[in-house]
Amino acid sequence: MTIHHFRRHNCRLCASTALSLVFQLKPTPLANAFVPRNMLGNVQSVFPLDIFLCNNCKHLQLLDVVDPRVLYEHYVYVSGTSPVFVEHFRQYAESMLARFAPQRDVLTVDIGSNDGTLLSFFKQSGCRVLGVDPAIEIARDAVTRGIPTLVDFFSPTLAEQIVEKHGTASVVTANNVFAHLDDLASFLRGIRTLIGRHGVFAFEVAYLRDMIENGLFDMFYHEHLDYHSVGPLVPFFASHGLELIDALRIDTHGGSLRGIVQAAGGPHQVSRSVAELVEDERRIGLDKAETYTDFASDIEKIGQELRLVLKKIKSEGKSVAGYGAPAKATTLMYHFGIGPDVVDYIIDDSPWKQSLYTPGLHIPVVPSSFMTEKKPDYVLVLAWNFASSIIQKNSAFQASGGRFIVPLPRVRVV
Ligand SMILES: [Zn+2]
């Protein structure tokens, strides 16, 4: 299968062509392109993973864009599988309704609605709900669970169709979607139509500040075209007749940002948090290329150290398993040069991924029963942001002499 891919030449937010390459990661296949056994003979294409800073608006981004149909039509991430996310979405729905829609018989729309987890909480509160998601199988599951879902990409045309049929929405949400789109301008035209004069649009994205401060370089992968910070977003929304009225730091995905947007001059006051976060971002240098080139060299040092640790373990004839096969493990393994010669298999709790093989490197993904059956000597925690809960859950492994290797934010063997 040929995967369509192109490199754009201007900034996704301000259209400036003044862009600087600030971090060049090793090219990888698509981070979620897990492979079934019968496809192992096919070589998977790799794509550049080059990170650019816009010299005009200071937005950090990938310019290489892979055909979104390849990325999303058979997407395997299911939000309802993680209890932490279910609770996060419950609180999220509650706070949005309390603040923006105290009378509950309103329309709420979730773009990138996945299995409908967030909408199920809006629905329980009495809202009319509608999901939009291009992932065919997952959207079908949501529908059978009672969440009406349009299987489609969100667009200005789709927004018009929704408004014609259901009226404007009081609350529109899009979580971990806003960093995934090449044509953000068209997306915002759709949002303007859908929220009308009185509605709000809330989005959650990984926050660039947390990525840099916490060493989350493995959040760089092709699905994430944009690495958002508040500074570049303020003028971007303004240029589309919208207004960023609040920006909150939240702790999902190792540190995220929730932005809330209304039509310019709409009913809500702009919170002081917007200007405060912009100021903080300047203070820590998110608008400077050196911040990212320094980050790249710090990551390089960690990679060297990790390779040394693994080389020593392998030279002693010990076995290494991986733990966690999130999308970001693809970036980590490619950039650090860790392949099937080091890691025999990867344990993952998601039934969607078990029995598949990792993108490009084709390491088998297996259930957690392998920890006790195969007894690896070392477990490299690829889902390292969950290291403490993984280690806690597998205390018997440590008690029987096994050791965990946590690669980031600095290499630890425990
Ligand atoms: Zn720009």
Side-chain angles (χ1 to χ4, degrees), residues 5-25 47-66 68 154-156 174 176-192 201 203-213 216-217 219-247 249 255-261 264 270 273-296:
H5 146 257
F6 67 93
R7 172 169 280 194
R8 58 181 295 142
H9 295 284
N10 62 0
C11 170
R12 204 168 277 110
L13 298 193
C14 77
S16 167
T17 52
L19 297 149
S20 301
L21 177 63
V22 292
F23 191 176
Q24 188 161 41
L25 290 114
F47 303 96
L49 203 45
D50 297 345
I51 314 295
F52 289 85
L53 181 71
C54 171
N55 299 327
N56 178 45
C57 78
K58 313 299 180 185
H59 177 55
L60 194 73
Q61 59 203 294
L62 291 186
L63 298 177
D64 292 279
V65 181
V66 182
F154 182 69
S155 66
N176 303 305
V177 169
F178 204 58
H180 295 54
L181 304 166
D182 185 44
D183 193 350
L184 274 180
S186 149
F187 184 83
L188 286 193
R189 283 198 300 279
I191 293 293
R192 264 187 75 186
F201 164 57
F203 63 93
E204 290 187 356
V205 283
Y207 188 22
L208 177 61
R209 175 177 177 177
D210 292 305
M211 281 178 64
I212 300 302
E213 289 185 338
L216 291 155
F217 86 99
M219 297 288 282
F220 290 124
Y221 54 90
H222 297 99
E223 283 172 19
H224 296 159
L225 294 167
D226 294 303
Y227 303 91
H228 287 297
S229 52
V230 182
L233 283 173
V234 173
F236 176 59
F237 285 119
S239 71
H240 290 277
L242 293 162
E243 187 172 36
L244 185 65
I245 55 169
D246 206 353
R249 297 183 73 181
S256 296
L257 183 72
R258 180 185 299 165
I260 302 175
V261 170
V270 177
S273 66
V274 175
E276 284 167 4
L277 286 184
V278 171
E279 182 51 39
D280 285 353
E281 288 171 0
R282 258 192 221 124
R283 190 171 44 76
I284 60 174
L286 290 190
D287 54 346
K288 294 198 171 59
E290 303 84 76
T291 301
Y292 306 103
T293 50
D294 289 352
F295 181 67

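Both ligands and their constituent atoms are indexed starting at 1 by order of listing.
Other residues, nucleotides and ligands contribute only 12 or fewer heavy atoms inside 6.0 Å of the CZ atom of Arg282.
A ring-centre distance under 6.0 Å is found for His240 and Phe236. Within the 6.0 Å centre-distance limit, the rings of His228 and Phe178 are counted as a close aromatic pair. Two rings, from Phe154 and Phe203, have their centers 6.0 Å or more apart.
Between Arg209 and Leu286 there is a side-chain heavy-atom pair separated by less than 4.5 Å.
Shown here are the protein N/O/S atoms lying under 2.8 Å from the Zn ion (ligand 1), water excluded: Cys11 SG, Cys14 SG, Cys54 SG, Cys57 SG.
Among residues two or more places apart in sequence or in another chain, the salt bridge (Lys or Arg N to Asp or Glu O under 4.0 Å) test is passed with Arg258 by Glu204.
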